[in-house]
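Counting starts at 1 for both ligands and their atoms, in listed order.
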Amino acid sequence: MKYGHFDDKAREYVIDTPRTPYPWINYLGCEQFFGIISNTAGGYCFYRDARLRRVTRYRYNNMPVDNGGRYFYIKDGDTVWNPGWKPVKTELDSYSCRHGMGYTIITGQKNGLTASQLSFVPMGVNAEVHQMTLRNDSDAPKDVILTSFVEFCLWNAQDDMTNFQRNFSTGEVEVEGSVIYHKTEYRERRNHYAFYAVNTPVDGFDTDMETFLGLYNGFENPQAVFTGKMGNSIASGWQPMAAHQVKVSLVPGEERRFNFVLGYVEVPQAEKFVAPSVINKAPAKALLEKLTTDEQIAEAFNALKKHWDNLLSAYVLTTPDEKLGRMVNIWNPYQCMVTFNMSRSTSMFESGIGRGMGFRDSSQDLLGFVHQIPERARERILDIAATQFRDGGCYHQYQPLTKKGNNDIGGGFNDDPLWLIAGTAAYIKETGDFGILDAATPYDCNPDDCGTLLEHLEASFYHVVNNKGPHGLPLIGRADWNDCLNLNCFSDEPSESFQTFSNPNAPDERVAESVLIAGMFVAIGPDLVAILRRRGLDDKADACQKEIDAMNEAILRDGWDGEWFVRAYDAFGHKIGSKECEDGKIYIESQGYCVMGGVGVKDGKAEKALESVHKYLETKHGIVLLQPAYKEYHLELGEVSSYPPGYKENAGIFCHNNPWIIAAETVVGHGDRAFDLYSRIAPAYREEISDLHKMEPYVYSQMIAGKDAPNFGQAKNSWLTGTAAWNFYVISNYILGIKPDWEGLKVDPCIPHTWDGYQVSRRFRGATYAITIENPSHVCRGVKQVTVDGQAIEGNVLPVFADGKTHQVTVTLG
Ligand code: GLC
Ligand code: GLC
């Protein structure tokens with residue numbers, strides 16, 4: 001069952017009932033100011049850092065699920081309703097929510113009145129616009145009352161939800177005309193405030209929650225709205241909020257717009273006040289001046305659309321498969337940009353408080369967005385690298401506001417360093433910017449202790465080499481990509497963190513090894529070798545290659561289980577992911593990365609491993625992470641065995657590493673299998689089963705419940721997941737086969753044999769490549785001939801033109 005449809009032309013998903021199986025959200029903002037907005041106008045916004053600069057409050061883990069947002073109430077006679085249905089939940093005559101690229105339009109209709117809320121963050125501005133359009137579609141005049149609503153957060157979102165003894169006394173606001181200013185803590189150490197404005201005189205306002213709602217009322221029955229009488233309250237402590245009341249008369253057919261702006265400004269320290277306790281409102285007024293008239297709002301909205309036209313024109317696929325088209329051209333790249341902006345901070349599953357930017361997560365995200373915004377990818381790489389230690393280890397996370405490594409979590413996740421090589425290589429292949437390797441980059445966030453980025457990459461590589469275990473395989477540390485494989489943790493107390501705790505009585509930490517990291521080393525290491533060679537550092541390149549060869553051998557010797565690759569060795573030297581185990585006999589990760597690294601391709605082990613994935617891990621909803629699921633908690637394995645069978649890392653369908661198998665299938669030339677696996681988890685292909693899938697059908701979720709779970713096929717944790725980058729990477733580079741390489745753009749598709757062909761227009765290093773792929777003999781793989789602007793070329797790497805022109809490329813498979 002569906003709850004809406006794709007409007008590909010408008011690049012929107014159109015939801016036609018507010019009763020989606022879960023709040024289906026969208027993201028506002030592309031630069032510094034961000035928000036999430038649900039299909040019923042719930043959500044919140046923040047400036048740069050969801051934890052430290054939260055602008056509006058959100059009430060987590062609440063009932064109903066999605067509580068708090070930018071609500072508009074309409075009182076038409078005795079009927080009070082919201083265009084997004086919630087929170088009053090008056091039945092609407094019609095409803096739609098259009099989630100587009102950086103904007104959302106929620107439209108409700110009731111008793112002949114249409115109310116439409118357009119929400120977006122304009123480019124270059126730290127504010128959300130909520131343009132409310134009211135139209136009288138009835139044949140009688142209407143007098144209605146429009147009331148806006150947001151609740152302010154006291155900036156630090158963690159403290160805001162916990163420290164009530166202080167916070168109930170600190171809230172402060174000012175009101176001037178139609179602008180409500182939120183200035184809590186501005187009197188002391190903050191130099192920033194927020195404001196909520198509307199471009200029309202107001203008939204009343206409230207800033208104190210209890211006055212607005214009435215004692216013991218909720219968002220669904222604010223007394224000021226239902227009585228039509230605002231309190232004109234000035235909050236002092238408790239819960240500061242902002243509501244404007246606007247009385248509107250509309251003759252039949254008349255339409256009026258009201259432009260609400262919710263903004264954030266910073267004020268130079270010396271100019272904070274214009275009089276004792278009176279804040280300097282000039283920066284807010286300057287911002288509002290640019291966003292007052294309908295023309296200004298329309299212009300800002302157009303600029304946002306242009307921004308997205310430009311981003312999405314970097315890779316355009318023309319295919320008869322409309323589901324594939326909407327994934328590749330619209331929603332997958334869009335999700336990649338959202339993960340670039342948010343990392344793992346803000347969604348219906350990430351509170352914006354728990355995690356900052358992940359070292360491995362952000363490095364992998366690069367794979368998905370580097371072609372859209374290479375300059376920002378460059379900056380991101382250097383930010384990430386600055387949180388690396390001299391020995392190559394790294395902070396597992398850092399805060400976006402401070403760009404400092406997070407000490408609570410620290411380091412010791414031994415896959416982290418390799419992702420930096422992967423991300424940097426992807427960036428250089430995209431841009432040809434080898435110069436980034438010379439950038440002076442701090443260690444441990446200390447600007448006085450720098451190395452070049454190339455030195456960082458070498459440190460990454462040698463961190464693996466210098467930390468090997470008894471089988472010559474990489475030590476796992478606290479965990480590898482699988483955060484939940486905690487082989488040195490031995491936690492037996494519920495409050496201990498699986499990721500940071502290690503039991504003082506645990507065995508030697510230098511025993512547990514990861515075959516995944518070994519596979520990554522063999523797959524990613526050659527990029528460093530190639531970089532060193534291009535720099536003329538052949539001795540170093542040879543030395544690295546030797547290490548890679550040794551690792552390859554170690555995997556074939558001690559990482560092969562007969563039918564598939566072992567996953568790891570535990571702290572006692574016992575195998576994990578082996579036929580010897582009772583549960584967790586086979587894991588997905590090592591199959592994917594070892595084959596991507598080419599391990600066992602020559603002697604058939606790679607194909608055998610993929611055959612085993614097919615046999616034991618594949619389901620109709622995707623590939624589960626392991627089998628059989630752990631039935632009980634294993635002290636020596638940690639969090640992976642803590643989840644009930646079928647969820648998360650314990651045999652859930654972890655969508656993030658399904659593409660590793662898809663990529664691996666292309667390595668051995670299985671185009672049919674690769675695409676089949678792709679389409680099992682790609683959300684557009686799952687739209688028809690939205691009632692089961694539960695999450696948004698336009699973006700990937702981190703996990704789909706596996707076959708051991710009662711809710712097999714149900715997704716969770718949508719939006720902020722490495723799944724976005726990896727699926728874009730695998731479909732664009734491995735299946736459609738347009739792959740940036742050191743010297744040019746490589747074309748090497750691996751597709752279903754039934755495909756006749758497709759076209760890709762790809763922007764690459766200052767030129768556009770209009771590529772037509774033809775498959776007359778219906779093969780899965782194999783480039784027979786390539787012509788560029790009518791001339792046949794040798795091989796399948798398209799040269800770099802950098803001439804700003806469009807070049808016609810024809811590729812014939814056979
Ligand atoms: C989550 C984490 C990621 C980790 C994965 C598997 O997606 O963000 O870092 O690799 O889970 O545990
Ligand atoms: C990842 C995993 C999750 C784990 C968390 C710990 O998000 O998916 O299961 O609890 O990492 O940081």
Side-chain angles (χ1 to χ4, degrees), residues 335-336 338-340 342-368 384 387 394-398 400 406 409-420 422-423 476-487 489 497-500 514 516-517 519-520 524 567-568 576-577 584 587-590 592-593 622-626 630 637-643 647-661 681 695 699-704 706 715-727 729:
Q335 188 179 2
C336 286
V338 170
T339 57
F340 162 71
M342 300 288 130
S343 192
R344 304 295 172 265
S345 72
T346 309
S347 73
M348 294 302 288
F349 297 83
E350 300 282 8
S351 64
I353 294 167
R355 305 202 260 178
M357 316 282 290
F359 193 101
R360 79 157 81 91
D361 291 337
S362 296
S363 299
Q364 288 171 84
D365 289 349
L366 281 160
L367 303 175
I384 296 171
T387 65
C394 13
Y395 283 104
H396 195 48
Q397 289 166 16
Y398 70 96
N406 186 333
I409 298 179
F413 296 77
N414 285 349
D415 63 316
D416 273 338
L418 289 175
W419 295 115
L420 182 64
I476 196 166
R478 295 187 185 284
D480 59 23
W481 171 88
N482 188 332
D483 263 331
C484 300
L485 204 55
N486 316 116
L487 307 183
C489 170
S497 155
F498 287 109
Q499 278 71 41
T500 57
S514 162
L516 166 64
I517 302 180
M520 285 175 61
I524 297 168
R567 176 61 176 83
I576 298 171
Y587 276 66
I588 190 173
E589 299 98 314
S590 38
Y593 248 103
I623 308 164
V624 296
L625 194 142
L626 59 84
Y630 293 106
L637 299 180
E639 188 170 0
V640 67
S641 60
S642 75
Y643 287 112
Y647 289 126
K648 299 280 285 183
E649 282 84 345
N650 188 13
I653 296 157
F654 220 87
C655 298
H656 183 145
N657 54 23
N658 274 236
W660 300 356
I661 298 298
I681 60 165
M695 294 297 116
V699 290
Y700 285 95
S701 294
Q702 181 203 50
M703 184 206 62
I704 299 172
K716 284 196 190 109
N717 199 358
S718 54
W719 284 99
L720 302 184
T721 158
T723 309
W726 268 102
N727 276 285
Y729 187 56

Practice task
Kindly indicate whether the side chain of W481, heavy atoms from C-beta on, has any atom under 4.5 Å from the side chain of Q364.
Solution key: yes
Fill in the blank from the handout: The atoms of ligand 1 lying under 4.0 Å from a heavy atom of R360, numbered in the order shown, are 3 (C), 4 (C), 9 (O), 10 (O)
Fill in the blank from the handout: Out of F359, F413, W481, the nearest non-hydrogen contact to atom 10 (O) of ligand 1 is supplied by W481
Problem - Contacting atoms of ligand 1, where contact means under 4.0 angstrom from a heavy atom of N482 - result: 12 (O)
Exercise for the section: Quick one: pull up CD in E589 and CZ in F654 and give me the separation to the nearest 0.5 Å. Expected result: 9.0 Å
Practice task
Tell me which part of D361 gets within contact of ligand 1: side chain, backbone, both or neither, using heavy atoms under 4.0 Å.
Solution key: side chain
Problem - R344 and its side chain to side chain donor-acceptor pair (under 3.5 Å) partner, picked from T339, D365, N717 - result: D365
Problem - Donor-acceptor pair, side chain of N406 and main chain of Q397, under 3.5 angstrom - result: no
Practice task
In plain terms, say whether K648 and D483 are close enough for a salt bridge, that is, a side-chain N and a carboxylate O under 4.0 Å apart.
Solution key: no
Handout entry: Element-labelled atoms of ligand 1 that are located less than 4.0 Å from some non-hydrogen atom of Q702
Key = 1 (C), 7 (O), 11 (O)
